[in-house]
Amino acid sequence: MSKLIPIFIEGKKWIQLSQLSFEHAQSLRSMLPGNCLKKIIFHGIELIDCLDFETYEYWFRTKEVSDQTEAVLDF
């Protein structure tokens, strides 16, 4: 899985869940409290499924380690 590149809006880094595959978006959504996703206006466009990059990065690292552990256990 490739790591997303954040969008810089008002000095903060964000990602959109819609940039992930359905499976990965569901996995990430399952660990989030309900109020983590934000609506942000960027150049006049409303982005409805934004998550701060730090939370995404934590999930990404956790998922990557989990995937590597599963690969080792497959042997």
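Since this is a predicted model, take the numbers as computed values, not measurements.
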Please check this pair: side chain of Y56 against backbone of L4, looking for a donor-acceptor N/O pair closer than 3.5 Å.
yes
Main chain of Y58, side chain of T62: is a donor-acceptor contact present, judged purely on distance under 3.5 Å?
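Judged by distance alone, yes, a pair lies under 3.5 Å.
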Inter-residue atom distance [X].[atom1] - [Y].[atom2], 0.5 Å rounding:
{"X": "S2", "Y": "Q19", "atom1": "OG", "atom2": "CD", "answer": "12.0 Å"}
{"X": "R29", "Y": "F22", "atom1": "CZ", "atom2": "CZ", "answer": "8.5 Å"}
{"X": "S18", "Y": "L47", "atom1": "OG", "atom2": "CG", "answer": "8.0 Å"}
{"X": "E10", "Y": "I40", "atom1": "CD", "atom2": "CD1", "answer": "8.0 Å"}
{"X": "Q26", "Y": "L17", "atom1": "CD", "atom2": "CG", "answer": "8.5 Å"}

Take atom [atom1] of [X] as the centre, draw a 6.0 Å sphere, and report whether it contains more than 12 heavy atoms from other residues, nucleotides or ligands.
{"X": "I5", "atom1": "CD1", "result": "no"}
{"X": "E46", "atom1": "CD", "result": "yes"}
{"X": "L32", "atom1": "CG", "result": "yes"}

Does some side-chain heavy atom of [Y] sit less than 4.5 Å from a side-chain heavy atom of [X]?
{"X": "S27", "Y": "W59", "value": "yes"}
{"X": "D52", "Y": "I15", "value": "no"}
{"X": "C36", "Y": "L51", "value": "yes"}
{"X": "I9", "Y": "I41", "value": "no"}
{"X": "I7", "Y": "Q16", "value": "yes"}

W14 meets the side chain to side chain donor-acceptor pair (under 3.5 Å) criterion, sequence neighbours left out, with none
With clusters defined by side-chain heavy atoms of hydrophobic residues (ILVMFWY) lying less than 4.5 Å apart, directly or transitively, does L20 cluster with M31?
yes
Which pair of heavy atoms, one from F42 and one from F8, lies closest together, and at what distance?
CE1-O, 3.9 Å
Basic-acidic side-chain contact under 4.0 Å: K3, E57:
yes
